[in-house]
J.: 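My questions will all concern the structure given below.
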Number of protein chains: 2
Amino acid sequence: MQTKTVKRRSVRASSPAPLQDERPANDGEGGASDLEIYERIITSIMEHRLPPGTKLGEDKLANIFGASRARVRQVLARLALERVVVLHPNRGAFVAEPTVEDAREVFEVRRPLEALVVRRIIAKKDPAIIARLRAHVEAEEAARAARDRRAIIRLSGEYHILLAELSGNALTARLMHELASLTCLIIFLYDAPSVPACRDQEHSEITQALADRDEATAIRLMTEHLEHVEACLDLSRGRPEELDLEAALAS
Amino acid sequence: MQTKTVKRRSVRASSPAPLQDERPANDGEGGASDLEIYERIITSIMEHRLPPGTKLGEDKLANIFGASRARVRQVLARLALERVVVLHPNRGAFVAEPTVEDAREVFEVRRPLEALVVRRIIAKKDPAIIARLRAHVEAEEAARAARDRRAIIRLSGEYHILLAELSGNALTARLMHELASLTCLIIFLYDAPSVPACRDQEHSEITQALADRDEATAIRLMTEHLEHVEACLDLSRGRPEELDLEAALAS
DNA sequence: TACAGATAAATTGTCAACAAAATTGATGTT
DNA sequence: AACATCAATTTTGTTGACAATTTATCTGTA
(Lines give C-alpha, C1' and ligand atoms only; values in the text may rest on other atoms or scores of the structure.)
Protein backbone atom coordinates (compact mmCIF):
# COMPACT_ATOMS: atom_id res chain seq x y z
CA MET A 1 0.00 0.00 0.00
CA GLN A 2 1.11 3.48 -0.75
CA THR A 3 -1.93 5.53 -0.08
CA LYS A 4 -0.34 7.89 2.38
CA THR A 5 -1.86 11.13 1.21
CA VAL A 6 0.47 14.03 0.74
CA LYS A 7 -0.86 17.06 2.50
CA ARG A 8 -2.88 19.45 0.40
CA ARG A 9 -2.72 23.19 0.27
CA SER A 10 1.02 23.33 0.63
CA VAL A 11 0.73 25.70 -2.24
CA ARG A 12 -2.83 26.69 -2.69
CA ALA A 13 -3.80 26.85 -6.32
CA SER A 14 -7.54 26.37 -6.43
CA SER A 15 -10.85 28.17 -6.51
CA PRO A 16 -11.01 29.79 -9.93
CA ALA A 17 -11.58 33.40 -8.98
CA PRO A 18 -14.54 34.41 -6.83
CA LEU A 19 -17.77 34.09 -8.73
CA GLN A 20 -19.35 36.70 -6.56
CA ASP A 21 -18.11 39.10 -3.93
CA GLU A 22 -16.90 37.42 -0.79
CA ARG A 23 -19.48 36.66 1.82
CA PRO A 24 -19.27 36.09 5.58
CA ALA A 25 -18.72 32.41 4.76
CA ASN A 26 -21.39 30.19 6.19
CA ASP A 27 -18.93 28.13 8.17
CA GLY A 28 -21.44 27.56 10.94
CA GLU A 29 -21.16 23.88 11.73
CA GLY A 30 -22.06 20.71 9.90
CA GLY A 31 -23.37 22.35 6.76
CA ALA A 32 -20.78 23.01 4.08
CA SER A 33 -20.83 26.16 1.97
CA ASP A 34 -21.15 26.23 -1.79
CA LEU A 35 -17.44 26.69 -2.30
CA GLU A 36 -16.55 23.87 0.05
CA ILE A 37 -18.87 21.49 -1.75
CA TYR A 38 -17.47 22.58 -5.09
CA GLU A 39 -13.88 22.16 -4.02
CA ARG A 40 -14.39 18.83 -2.33
CA ILE A 41 -16.08 17.40 -5.38
CA ILE A 42 -13.58 18.73 -7.88
CA THR A 43 -10.64 17.69 -5.74
CA SER A 44 -12.08 14.21 -5.48
CA ILE A 45 -12.46 14.16 -9.23
CA MET A 46 -8.93 15.45 -9.78
CA GLU A 47 -7.60 12.79 -7.46
CA HIS A 48 -9.63 10.09 -9.14
CA ARG A 49 -11.47 9.14 -6.00
CA LEU A 50 -14.53 9.84 -8.12
CA PRO A 51 -13.61 8.08 -11.34
CA PRO A 52 -15.07 9.13 -14.69
CA GLY A 53 -18.60 7.88 -15.16
CA THR A 54 -19.45 7.91 -11.46
CA LYS A 55 -23.00 8.94 -10.81
CA LEU A 56 -23.35 11.95 -8.55
CA GLY A 57 -26.79 11.56 -7.01
CA GLU A 58 -28.20 14.76 -5.58
CA ASP A 59 -29.66 13.21 -2.44
CA LYS A 60 -26.49 11.30 -1.65
CA LEU A 61 -24.29 14.36 -2.01
CA ALA A 62 -26.74 16.43 0.00
CA ASN A 63 -26.55 13.93 2.86
CA ILE A 64 -22.78 13.68 2.67
CA PHE A 65 -22.28 17.42 2.85
CA GLY A 66 -25.18 18.09 5.20
CA ALA A 67 -26.54 20.55 2.68
CA SER A 68 -29.82 20.93 0.89
CA ARG A 69 -30.40 19.35 -2.47
CA ALA A 70 -30.83 22.75 -4.09
CA ARG A 71 -27.33 23.74 -3.11
CA VAL A 72 -25.82 20.53 -4.43
CA ARG A 73 -27.77 21.05 -7.60
CA GLN A 74 -26.25 24.49 -8.03
CA VAL A 75 -22.75 23.16 -7.60
CA LEU A 76 -23.39 20.36 -10.06
CA ALA A 77 -24.63 22.87 -12.60
CA ARG A 78 -21.42 24.80 -12.22
CA LEU A 79 -19.28 21.72 -12.61
CA ALA A 80 -21.28 20.86 -15.71
CA LEU A 81 -20.50 24.26 -17.16
CA GLU A 82 -16.84 23.53 -16.59
CA ARG A 83 -17.34 20.25 -18.41
CA VAL A 84 -16.02 18.25 -15.50
CA VAL A 85 -19.40 16.62 -14.98
CA VAL A 86 -22.10 15.84 -17.49
CA LEU A 87 -25.82 16.21 -16.91
CA HIS A 88 -28.23 13.73 -18.44
CA PRO A 89 -31.79 15.07 -18.28
CA ASN A 90 -33.95 13.18 -15.82
CA ARG A 91 -31.03 10.84 -15.21
CA GLY A 92 -28.68 12.84 -13.09
CA ALA A 93 -25.10 14.06 -12.99
CA PHE A 94 -22.03 11.98 -13.80
CA VAL A 95 -18.32 12.58 -13.67
CA ALA A 96 -17.35 13.42 -17.24
CA GLU A 97 -15.63 10.94 -19.50
CA PRO A 98 -13.81 13.07 -22.02
CA THR A 99 -13.53 11.51 -25.45
CA VAL A 100 -10.30 11.22 -27.37
CA GLU A 101 -11.41 14.21 -29.38
CA ASP A 102 -12.00 16.21 -26.20
CA ALA A 103 -8.52 15.29 -25.01
CA ARG A 104 -6.90 16.47 -28.22
CA GLU A 105 -8.81 19.72 -28.08
CA VAL A 106 -7.74 20.38 -24.52
CA PHE A 107 -4.09 19.99 -25.37
CA GLU A 108 -4.46 22.03 -28.53
CA VAL A 109 -5.86 24.94 -26.53
CA ARG A 110 -3.41 24.54 -23.69
CA ARG A 111 -0.32 24.86 -25.86
CA PRO A 112 -0.75 28.51 -26.86
CA LEU A 113 -2.23 29.44 -23.48
CA GLU A 114 0.71 28.03 -21.57
CA ALA A 115 3.09 29.87 -23.86
CA LEU A 116 1.25 33.05 -23.04
CA VAL A 117 1.60 32.33 -19.35
CA VAL A 118 5.32 31.70 -19.67
CA ARG A 119 5.87 34.97 -21.49
CA ARG A 120 3.97 36.89 -18.86
CA ILE A 121 5.79 35.26 -15.96
CA ILE A 122 9.15 36.13 -17.43
CA ALA A 123 8.02 39.67 -18.12
CA LYS A 124 7.06 40.15 -14.48
CA LYS A 125 10.61 39.69 -13.16
CA ASP A 126 9.29 38.82 -9.73
CA PRO A 127 11.56 36.62 -7.56
CA ALA A 128 8.62 35.81 -5.28
CA ILE A 129 6.98 34.03 -8.19
CA ILE A 130 9.96 31.77 -8.66
CA ALA A 131 10.00 31.04 -4.96
CA ARG A 132 6.38 29.94 -4.99
CA LEU A 133 6.94 27.79 -8.04
CA ARG A 134 9.95 26.13 -6.40
CA ALA A 135 7.89 25.46 -3.29
CA HIS A 136 5.23 23.81 -5.37
CA VAL A 137 7.73 21.69 -7.24
CA GLU A 138 9.06 20.53 -3.89
CA ALA A 139 5.56 19.50 -2.87
CA GLU A 140 5.34 17.53 -6.09
CA GLU A 141 8.60 15.80 -5.33
CA ALA A 142 7.37 14.93 -1.87
CA ALA A 143 4.27 13.36 -3.38
CA ARG A 144 6.43 11.42 -5.79
CA ALA A 145 8.66 10.26 -2.99
CA ALA A 146 5.58 9.07 -1.12
CA ARG A 147 4.39 7.29 -4.26
CA ASP A 148 1.03 9.00 -3.86
CA ARG A 149 -0.10 8.75 -7.45
CA ARG A 150 -3.30 10.68 -6.85
CA ALA A 151 -1.53 13.61 -5.28
CA ILE A 152 1.08 13.51 -8.00
CA ILE A 153 -1.47 13.97 -10.74
CA ARG A 154 -3.44 16.61 -8.86
CA LEU A 155 -0.33 18.58 -7.99
CA SER A 156 0.88 18.30 -11.55
CA GLY A 157 -2.30 19.99 -12.68
CA GLU A 158 -2.09 22.56 -9.92
CA TYR A 159 1.41 23.54 -11.01
CA HIS A 160 -0.03 24.85 -14.24
CA ILE A 161 -2.92 26.53 -12.45
CA LEU A 162 -0.48 28.21 -10.11
CA LEU A 163 1.63 29.32 -13.05
CA ALA A 164 -1.40 30.90 -14.69
CA GLU A 165 -2.43 32.61 -11.47
CA LEU A 166 1.02 34.02 -10.90
CA SER A 167 1.13 35.29 -14.46
CA GLY A 168 -1.31 37.96 -13.37
CA ASN A 169 -3.92 37.31 -16.04
CA ALA A 170 -7.06 36.33 -14.16
CA LEU A 171 -8.86 35.20 -17.28
CA THR A 172 -6.08 32.86 -18.25
CA ALA A 173 -5.99 31.54 -14.70
CA ARG A 174 -9.65 30.71 -14.81
CA LEU A 175 -9.36 28.98 -18.15
CA MET A 176 -6.31 27.04 -16.98
CA HIS A 177 -8.17 25.90 -13.90
CA GLU A 178 -10.81 24.39 -16.12
CA LEU A 179 -8.35 22.89 -18.59
CA ALA A 180 -6.18 21.40 -15.88
CA SER A 181 -9.17 19.74 -14.25
CA LEU A 182 -10.11 18.22 -17.56
CA THR A 183 -6.52 17.13 -18.11
CA CYS A 184 -6.60 15.26 -14.83
CA LEU A 185 -9.66 13.36 -15.98
CA ILE A 186 -8.01 12.65 -19.30
CA ILE A 187 -4.84 11.34 -17.73
CA PHE A 188 -6.78 9.00 -15.51
CA LEU A 189 -8.82 7.78 -18.44
CA TYR A 190 -6.10 7.28 -20.99
CA ASP A 191 -2.78 7.10 -19.21
CA ALA A 192 -0.97 3.90 -19.90
CA PRO A 193 -1.08 2.21 -16.48
CA SER A 194 2.67 1.82 -16.74
CA VAL A 195 3.86 4.83 -14.82
CA PRO A 196 3.96 8.54 -14.42
CA ALA A 197 7.62 8.04 -15.12
CA CYS A 198 7.38 10.43 -17.99
CA ARG A 199 7.19 14.13 -17.16
CA ASP A 200 8.99 13.71 -13.88
CA GLN A 201 11.27 16.66 -13.37
CA GLU A 202 9.97 18.67 -16.28
CA HIS A 203 8.22 21.10 -13.99
CA SER A 204 11.50 21.64 -12.24
CA GLU A 205 13.26 22.37 -15.52
CA ILE A 206 10.56 24.76 -16.62
CA THR A 207 10.81 26.58 -13.32
CA GLN A 208 14.56 26.89 -13.78
CA ALA A 209 14.15 28.34 -17.27
CA LEU A 210 11.68 30.85 -15.84
CA ALA A 211 14.16 31.74 -13.12
CA ASP A 212 16.82 32.28 -15.79
CA ARG A 213 14.31 34.38 -17.73
CA ASP A 214 15.13 32.35 -20.83
CA GLU A 215 11.90 32.72 -22.75
CA ALA A 216 12.77 30.57 -25.75
CA THR A 217 13.89 27.68 -23.58
CA ALA A 218 10.93 28.00 -21.23
CA ILE A 219 8.41 27.92 -24.05
CA ARG A 220 10.19 25.04 -25.71
CA LEU A 221 10.28 23.06 -22.49
CA MET A 222 6.65 23.80 -21.82
CA THR A 223 5.59 22.78 -25.31
CA GLU A 224 7.59 19.59 -25.11
CA HIS A 225 6.19 18.93 -21.67
CA LEU A 226 2.63 19.10 -22.98
CA GLU A 227 3.55 16.96 -25.94
CA HIS A 228 5.09 14.38 -23.64
CA VAL A 229 1.98 14.20 -21.54
CA GLU A 230 -0.17 13.90 -24.63
CA ALA A 231 2.14 11.31 -26.12
CA CYS A 232 1.98 9.20 -22.97
CA LEU A 233 -1.74 8.78 -23.44
CA ASP A 234 -3.42 5.97 -25.27
CA LEU A 235 -5.31 8.14 -27.65
CA SER A 236 -5.14 5.63 -30.45
CA ARG A 237 -8.30 3.84 -29.53
CA GLY A 238 -11.58 4.89 -27.97
CA ARG A 239 -11.98 5.18 -24.25
CA PRO A 240 -11.63 2.00 -22.16
CA GLU A 241 -15.32 1.64 -21.30
CA GLU A 242 -16.58 1.33 -24.81
CA LEU A 243 -13.65 -0.75 -25.88
CA ASP A 244 -14.16 -3.30 -23.13
CA LEU A 245 -17.84 -3.49 -23.88
CA GLU A 246 -17.35 -4.07 -27.55
CA ALA A 247 -14.55 -6.50 -26.94
CA ALA A 248 -16.73 -8.50 -24.58
CA LEU A 249 -19.44 -8.55 -27.18
CA ALA A 250 -17.13 -9.64 -29.98
CA SER A 251 -15.75 -12.73 -28.29
CA MET B 1 -33.13 57.24 -36.70
CA GLN B 2 -31.39 54.17 -37.94
CA THR B 3 -32.64 51.45 -35.72
CA LYS B 4 -33.92 49.19 -38.45
CA THR B 5 -32.75 45.87 -37.07
CA VAL B 6 -30.95 43.61 -39.46
CA LYS B 7 -32.44 40.16 -39.35
CA ARG B 8 -30.74 37.73 -37.04
CA ARG B 9 -29.84 34.15 -37.61
CA SER B 10 -28.83 34.69 -41.21
CA VAL B 11 -25.83 32.70 -40.15
CA ARG B 12 -26.45 31.10 -36.85
CA ALA B 13 -23.46 31.29 -34.60
CA SER B 14 -24.77 31.05 -31.10
CA SER B 15 -25.52 28.66 -28.24
CA PRO B 16 -22.14 27.48 -27.02
CA ALA B 17 -22.55 23.73 -27.33
CA PRO B 18 -25.36 21.93 -25.54
CA LEU B 19 -24.81 21.85 -21.82
CA GLN B 20 -26.83 18.70 -21.51
CA ASP B 21 -28.31 16.26 -23.97
CA GLU B 22 -31.05 17.73 -26.06
CA ARG B 23 -34.49 17.64 -24.60
CA PRO B 24 -37.97 17.75 -26.20
CA ALA B 25 -37.79 21.52 -25.78
CA ASN B 26 -40.47 22.91 -23.56
CA ASP B 27 -41.85 25.12 -26.30
CA GLY B 28 -45.36 24.76 -25.00
CA GLU B 29 -46.70 28.29 -25.10
CA GLY B 30 -45.93 31.44 -23.15
CA GLY B 31 -43.19 29.97 -21.00
CA ALA B 32 -39.69 30.23 -22.46
CA SER B 33 -37.14 27.44 -22.06
CA ASP B 34 -33.79 27.84 -20.35
CA LEU B 35 -31.95 28.22 -23.60
CA GLU B 36 -34.37 30.80 -24.92
CA ILE B 37 -34.02 32.89 -21.80
CA TYR B 38 -30.25 32.57 -21.96
CA GLU B 39 -30.07 33.56 -25.60
CA ARG B 40 -32.47 36.44 -25.31
CA ILE B 41 -30.56 37.91 -22.42
CA ILE B 42 -27.13 37.47 -23.94
CA THR B 43 -28.27 38.79 -27.31
CA SER B 44 -29.71 41.83 -25.61
CA ILE B 45 -26.43 42.31 -23.83
CA MET B 46 -24.42 41.85 -27.01
CA GLU B 47 -26.61 44.39 -28.76
CA HIS B 48 -26.34 46.81 -25.88
CA ARG B 49 -30.04 46.93 -25.27
CA LEU B 50 -29.05 45.92 -21.75
CA PRO B 51 -26.13 48.27 -21.12
CA PRO B 52 -23.36 47.41 -18.66
CA GLY B 53 -24.43 47.97 -15.08
CA THR B 54 -28.10 47.26 -15.71
CA LYS B 55 -29.75 45.44 -12.84
CA LEU B 56 -31.29 42.13 -13.80
CA GLY B 57 -33.98 41.59 -11.17
CA GLU B 58 -35.09 38.01 -10.84
CA ASP B 59 -38.78 38.79 -10.47
CA LYS B 60 -38.82 41.16 -13.41
CA LEU B 61 -37.10 38.70 -15.72
CA ALA B 62 -39.37 35.91 -14.51
CA ASN B 63 -42.43 37.97 -15.43
CA ILE B 64 -41.00 39.02 -18.77
CA PHE B 65 -40.23 35.47 -19.82
CA GLY B 66 -43.21 33.89 -18.13
CA ALA B 67 -40.87 31.58 -16.28
CA SER B 68 -40.31 30.80 -12.64
CA ARG B 69 -37.76 32.69 -10.63
CA ALA B 70 -35.73 29.55 -10.11
CA ARG B 71 -35.22 29.15 -13.82
CA VAL B 72 -34.18 32.75 -14.27
CA ARG B 73 -31.81 32.29 -11.36
CA GLN B 74 -30.21 29.32 -13.08
CA VAL B 75 -29.68 31.28 -16.27
CA LEU B 76 -28.21 34.20 -14.34
CA ALA B 77 -25.81 31.86 -12.59
CA ARG B 78 -24.66 30.58 -15.95
CA LEU B 79 -24.19 34.08 -17.33
CA ALA B 80 -22.22 34.93 -14.21
CA LEU B 81 -19.93 31.99 -14.84
CA GLU B 82 -19.32 33.35 -18.31
CA ARG B 83 -18.53 36.69 -16.70
CA VAL B 84 -21.14 38.48 -18.75
CA VAL B 85 -23.11 39.30 -15.62
CA VAL B 86 -21.89 39.86 -12.09
CA LEU B 87 -23.66 38.66 -8.96
CA HIS B 88 -23.61 40.79 -5.82
CA PRO B 89 -24.74 38.76 -2.80
CA ASN B 90 -28.14 39.79 -1.55
CA ARG B 91 -28.13 42.57 -4.11
CA GLY B 92 -28.84 40.81 -7.34
CA ALA B 93 -27.42 40.36 -10.82
CA PHE B 94 -26.04 43.12 -13.02
CA VAL B 95 -24.72 43.27 -16.55
CA ALA B 96 -20.97 43.12 -16.19
CA GLU B 97 -18.80 46.20 -16.55
CA PRO B 98 -15.41 44.82 -17.56
CA THR B 99 -12.51 46.85 -16.30
CA VAL B 100 -9.67 48.04 -18.46
CA GLU B 101 -7.63 45.18 -17.10
CA ASP B 102 -10.36 42.70 -18.04
CA ALA B 103 -10.39 44.12 -21.54
CA ARG B 104 -6.64 43.73 -21.96
CA GLU B 105 -6.81 40.17 -20.71
CA VAL B 106 -9.55 39.27 -23.12
CA PHE B 107 -7.56 40.49 -26.08
CA GLU B 108 -4.41 38.85 -24.81
CA VAL B 109 -6.15 35.48 -24.69
CA ARG B 110 -7.96 35.97 -27.96
CA ARG B 111 -4.81 36.55 -29.98
CA PRO B 112 -3.32 33.06 -29.69
CA LEU B 113 -6.75 31.42 -29.76
CA GLU B 114 -7.73 33.11 -32.99
CA ALA B 115 -4.43 32.10 -34.53
CA LEU B 116 -5.21 28.53 -33.59
CA VAL B 117 -8.59 28.82 -35.23
CA VAL B 118 -7.10 30.21 -38.41
CA ARG B 119 -4.59 27.39 -38.66
CA ARG B 120 -7.32 24.79 -38.19
CA ILE B 121 -9.63 26.35 -40.75
CA ILE B 122 -6.91 26.36 -43.38
CA ALA B 123 -5.97 22.79 -42.56
CA LYS B 124 -9.54 21.66 -43.14
CA LYS B 125 -9.58 22.61 -46.82
CA ASP B 126 -13.36 22.74 -46.82
CA PRO B 127 -14.95 25.03 -49.42
CA ALA B 128 -18.25 24.94 -47.52
CA ILE B 129 -16.52 26.76 -44.67
CA ILE B 130 -15.48 29.60 -46.92
CA ALA B 131 -19.00 29.81 -48.27
CA ARG B 132 -20.48 30.18 -44.81
CA LEU B 133 -17.91 32.80 -43.87
CA ARG B 134 -18.67 34.77 -47.02
CA ALA B 135 -22.37 34.61 -46.25
CA HIS B 136 -21.75 35.97 -42.80
CA VAL B 137 -19.56 38.77 -44.08
CA GLU B 138 -22.39 39.70 -46.42
CA ALA B 139 -24.76 39.88 -43.49
CA GLU B 140 -22.29 42.18 -41.77
CA GLU B 141 -22.15 44.41 -44.81
CA ALA B 142 -25.92 44.55 -44.90
CA ALA B 143 -25.96 45.66 -41.30
CA ARG B 144 -23.38 48.28 -42.05
CA ALA B 145 -25.38 49.50 -45.03
CA ALA B 146 -28.41 49.79 -42.76
CA ARG B 147 -26.33 51.70 -40.23
CA ASP B 148 -27.54 49.32 -37.53
CA ARG B 149 -24.72 49.80 -35.06
CA ARG B 150 -26.03 47.20 -32.63
CA ALA B 151 -26.27 44.52 -35.27
CA ILE B 152 -22.86 45.49 -36.60
CA ILE B 153 -21.19 44.90 -33.28
CA ARG B 154 -23.07 41.71 -32.54
CA LEU B 155 -22.39 40.31 -36.00
CA SER B 156 -18.74 41.27 -35.69
CA GLY B 157 -18.50 39.15 -32.60
CA GLU B 158 -20.45 36.33 -34.19
CA TYR B 159 -18.01 36.20 -37.08
CA HIS B 160 -15.31 35.08 -34.72
CA ILE B 161 -17.65 32.65 -32.99
CA LEU B 162 -18.58 31.18 -36.34
CA LEU B 163 -14.94 30.89 -37.28
CA ALA B 164 -14.20 28.99 -34.10
CA GLU B 165 -17.17 26.69 -34.60
CA LEU B 166 -16.19 25.94 -38.18
CA SER B 167 -12.65 25.20 -37.08
CA GLY B 168 -13.98 21.97 -35.62
CA ASN B 169 -12.60 22.45 -32.13
CA ALA B 170 -15.63 22.53 -29.85
CA LEU B 171 -13.64 23.70 -26.86
CA THR B 172 -12.22 26.65 -28.72
CA ALA B 173 -15.68 27.47 -30.00
CA ARG B 174 -17.06 27.57 -26.48
CA LEU B 175 -14.23 29.78 -25.25
CA MET B 176 -14.60 32.08 -28.21
CA HIS B 177 -18.30 32.42 -27.55
CA GLU B 178 -17.50 33.67 -24.09
CA LEU B 179 -14.68 35.93 -25.19
CA ALA B 180 -16.69 37.43 -28.03
CA SER B 181 -19.56 38.24 -25.69
CA LEU B 182 -17.17 39.98 -23.35
CA THR B 183 -15.61 41.81 -26.27
CA CYS B 184 -19.01 43.18 -27.21
CA LEU B 185 -19.41 44.57 -23.71
CA ILE B 186 -15.95 46.03 -23.84
CA ILE B 187 -16.53 47.73 -27.16
CA PHE B 188 -19.71 49.32 -25.92
CA LEU B 189 -17.98 50.48 -22.76
CA TYR B 190 -14.79 51.85 -24.20
CA ASP B 191 -15.25 52.43 -27.90
CA ALA B 192 -14.63 56.00 -28.84
CA PRO B 193 -18.10 57.18 -29.86
CA SER B 194 -16.56 58.32 -33.13
CA VAL B 195 -17.33 55.38 -35.36
CA PRO B 196 -16.96 51.75 -36.09
CA ALA B 197 -15.13 53.04 -39.13
CA CYS B 198 -12.12 51.04 -38.12
CA ARG B 199 -12.21 47.30 -38.77
CA ASP B 200 -14.63 47.63 -41.62
CA GLN B 201 -13.71 45.16 -44.29
CA GLU B 202 -11.11 43.32 -42.25
CA HIS B 203 -13.36 40.32 -41.85
CA SER B 204 -13.67 40.20 -45.59
CA GLU B 205 -9.91 40.29 -46.05
CA ILE B 206 -9.38 37.56 -43.48
CA THR B 207 -11.96 35.42 -45.21
CA GLN B 208 -10.14 35.92 -48.49
CA ALA B 209 -6.82 34.89 -46.97
CA LEU B 210 -8.50 31.79 -45.60
CA ALA B 211 -9.92 31.03 -49.02
CA ASP B 212 -6.43 31.39 -50.49
CA ARG B 213 -5.16 29.13 -47.75
CA ASP B 214 -2.43 31.65 -47.03
CA GLU B 215 -1.72 30.92 -43.38
CA ALA B 216 0.87 33.58 -42.74
CA THR B 217 -1.27 36.33 -44.20
CA ALA B 218 -4.42 35.12 -42.47
CA ILE B 219 -2.75 35.07 -39.07
CA ARG B 220 -1.15 38.43 -39.68
CA LEU B 221 -4.47 39.96 -40.73
CA MET B 222 -6.23 38.42 -37.77
CA THR B 223 -3.62 39.67 -35.33
CA GLU B 224 -3.71 43.14 -36.81
CA HIS B 225 -7.48 43.06 -36.74
CA LEU B 226 -7.54 42.35 -33.03
CA GLU B 227 -4.92 45.01 -32.45
CA HIS B 228 -6.98 47.51 -34.38
CA VAL B 229 -10.05 46.80 -32.32
CA GLU B 230 -8.05 47.09 -29.13
CA ALA B 231 -6.38 50.24 -30.31
CA CYS B 232 -9.74 51.84 -31.10
CA LEU B 233 -10.71 51.57 -27.46
CA ASP B 234 -10.18 54.21 -24.86
CA LEU B 235 -8.22 52.03 -22.52
CA SER B 236 -6.06 54.86 -21.30
CA ARG B 237 -8.32 55.83 -18.46
CA GLY B 238 -10.67 53.89 -16.20
CA ARG B 239 -14.19 53.15 -17.24
CA PRO B 240 -16.51 56.14 -17.71
CA GLU B 241 -18.51 55.58 -14.51
CA GLU B 242 -15.64 55.78 -12.08
CA LEU B 243 -13.94 58.53 -13.98
CA ASP B 244 -16.98 60.79 -13.86
CA LEU B 245 -17.40 60.14 -10.18
CA GLU B 246 -13.85 61.00 -9.27
CA ALA B 247 -13.80 63.98 -11.56
CA ALA B 248 -16.95 65.33 -9.94
CA LEU B 249 -15.40 64.89 -6.54
CA ALA B 250 -12.17 66.61 -7.44
CA SER B 251 -13.70 69.89 -8.65
C1' DT C 1 -33.60 72.51 6.93
C1' DA C 2 -30.49 68.70 7.55
C1' DC C 3 -29.39 64.54 9.65
C1' DA C 4 -29.94 60.22 12.51
C1' DG C 5 -32.67 56.50 13.60
C1' DA C 6 -36.41 53.50 12.93
C1' DT C 7 -40.08 51.50 10.25
C1' DA C 8 -41.84 49.59 5.83
C1' DA C 9 -41.24 47.76 1.21
C1' DA C 10 -38.96 45.13 -2.04
C1' DT C 11 -35.65 41.70 -3.38
C1' DT C 12 -32.70 37.90 -2.76
C1' DG C 13 -31.48 33.40 -0.45
C1' DT C 14 -33.07 28.98 1.23
C1' DC C 15 -35.76 25.19 1.88
C1' DA C 16 -39.26 21.63 1.84
C1' DA C 17 -43.06 19.55 -0.34
C1' DC C 18 -45.14 18.07 -4.70
C1' DA C 19 -45.09 16.32 -9.60
C1' DA C 20 -42.86 13.90 -13.36
C1' DA C 21 -39.75 10.66 -15.18
C1' DA C 22 -36.76 6.67 -15.19
C1' DT C 23 -35.02 2.58 -13.22
C1' DT C 24 -35.83 -1.61 -10.86
C1' DG C 25 -38.36 -5.53 -9.63
C1' DA C 26 -42.45 -8.45 -10.00
C1' DT C 27 -46.19 -10.77 -12.37
C1' DG C 28 -48.44 -13.14 -15.94
C1' DT C 29 -48.47 -15.10 -20.51
C1' DT C 30 -46.66 -17.74 -24.39
C1' DA D 1 -37.81 -20.75 -19.29
C1' DA D 2 -37.99 -16.35 -21.81
C1' DC D 3 -40.27 -12.34 -22.92
C1' DA D 4 -43.41 -8.53 -22.48
C1' DT D 5 -46.25 -5.84 -19.58
C1' DC D 6 -47.23 -3.60 -15.42
C1' DA D 7 -46.53 -1.91 -10.64
C1' DA D 8 -43.38 0.06 -7.09
C1' DT D 9 -39.42 2.55 -5.81
C1' DT D 10 -36.06 5.76 -6.44
C1' DT D 11 -34.37 10.00 -8.37
C1' DT D 12 -34.78 14.21 -10.76
C1' DG D 13 -37.38 18.58 -11.97
C1' DT D 14 -40.31 22.37 -10.53
C1' DT D 15 -42.93 25.22 -7.89
C1' DG D 16 -44.30 27.99 -4.16
C1' DA D 17 -43.78 29.76 0.36
C1' DC D 18 -40.89 31.47 4.14
C1' DA D 19 -36.69 33.76 6.17
C1' DA D 20 -32.97 37.13 5.84
C1' DT D 21 -30.94 41.05 3.94
C1' DT D 22 -30.85 45.26 1.65
C1' DT D 23 -32.99 49.57 0.04
C1' DA D 24 -36.21 53.22 0.39
C1' DT D 25 -39.32 56.02 3.09
C1' DC D 26 -40.84 58.29 7.07
C1' DT D 27 -40.53 60.44 11.54
C1' DG D 28 -38.44 63.07 15.14
C1' DT D 29 -34.82 66.00 16.84
C1' DA D 30 -31.08 69.41 16.72
J.: Using the six-membered ring wherever Trp is involved, compare the ring planes of B:Phe94 and B:His88 and label them parallel, tilted or perpendicular (cut-offs 30° and 60°).
T.: perpendicular
J.: Rounded to whole Å, please give me the gap between NZ in B:Lys60 and C1' in C:dA10.
T.: 10 Å
J.: Of all the nucleotides listed (D:dG13, D:dT14, C:dG13), which has the minimum atom distance to the side chain of A:Asn90?
T.: D:dG13
J.: Look up atom CZ in A:Arg120 and atom CD in B:Glu105, then write down how far apart they are to the nearest 0.5 Å.
T.: 6.5 Å
J.: Roughly how many Å is it from CZ in A:Phe94 to C1' in D:dT11, rounded to a whole number?
T.: 11 Å
J.: Rounded to the nearest angstrom, tell me the gap between atom CZ in A:Arg71 and atom P in C:dT14.
T.: 5 Å
J.: Just how far, in rounded Å, is P of D:dT14 from CG of A:Leu87?
T.: 12 Å
J.: Under the side chain to side chain donor-acceptor pair (under 3.5 Å) rule, collect the residues that match up with A:Arg69, sequence neighbours excluded.
T.: A:Glu58
J.: For the side chain of B:Arg69 and the base of C:dG13, is some donor closer than 3.5 Å to an acceptor across the two?
T.: yes
J.: Rounded off to whole Å, could you give me the CD-to-P distance for the B:Gln74 and C:dT12 pair?
T.: 16 Å
J.: Report yes if at least one side-chain N or O of B:Ser68 is closer than 4.0 Å to OP1 or OP2 of D:dT15; otherwise report no.
T.: yes
J.: Nearest-Å distance, CG (A:Asn63) to P (C:dA16)?
T.: 12 Å
J.: Between C:dT14, D:dT15, D:dG13, spot the one nearest the side chain of A:Arg73, thanks.
T.: D:dG13
J.: For the helix from C:dT1-D:dA30 to C:dT30-D:dA1, what angle separates the axis at the start from the axis at the finish, each from five pairs, in steps of 10°?
T.: 10°
J.: Which nucleotide sits closest to the side chain of B:Arg91: D:dT23, D:dT11, C:dT23?
T.: D:dT23
J.: For the backbone of A:Leu81 and the side chain of A:Arg83, can you confirm whether one donor and one acceptor N or O come within less than 3.5 Å of each other?
T.: yes
J.: Does A:Lys55 place a side-chain N or O at less than 4.0 Å from the phosphate oxygens OP1/OP2 of C:dT23?
T.: no
J.: With a cut-off of under 6.0 Å to the ring centre and 45° to the axis, is B:Arg71 in cation-pi contact with B:Phe65?
T.: no
J.: To the nearest 0.5 Å, what is the distance between CZ on B:Phe188 and CD on B:Glu97?
T.: 14.5 Å
J.: Any idea which heavy atoms bring B:Pro89 and B:Leu87 closest together, and the distance?
T.: CD-O, 3.8 Å
J.: Rounded to the nearest angstrom, tell me the gap between atom CD in A:Glu58 and atom P in C:dA21.
T.: 16 Å
J.: Please state how far atom CG in A:Leu76 lies from atom P in D:dT11, giving the value in whole angstrom units.
T.: 15 Å
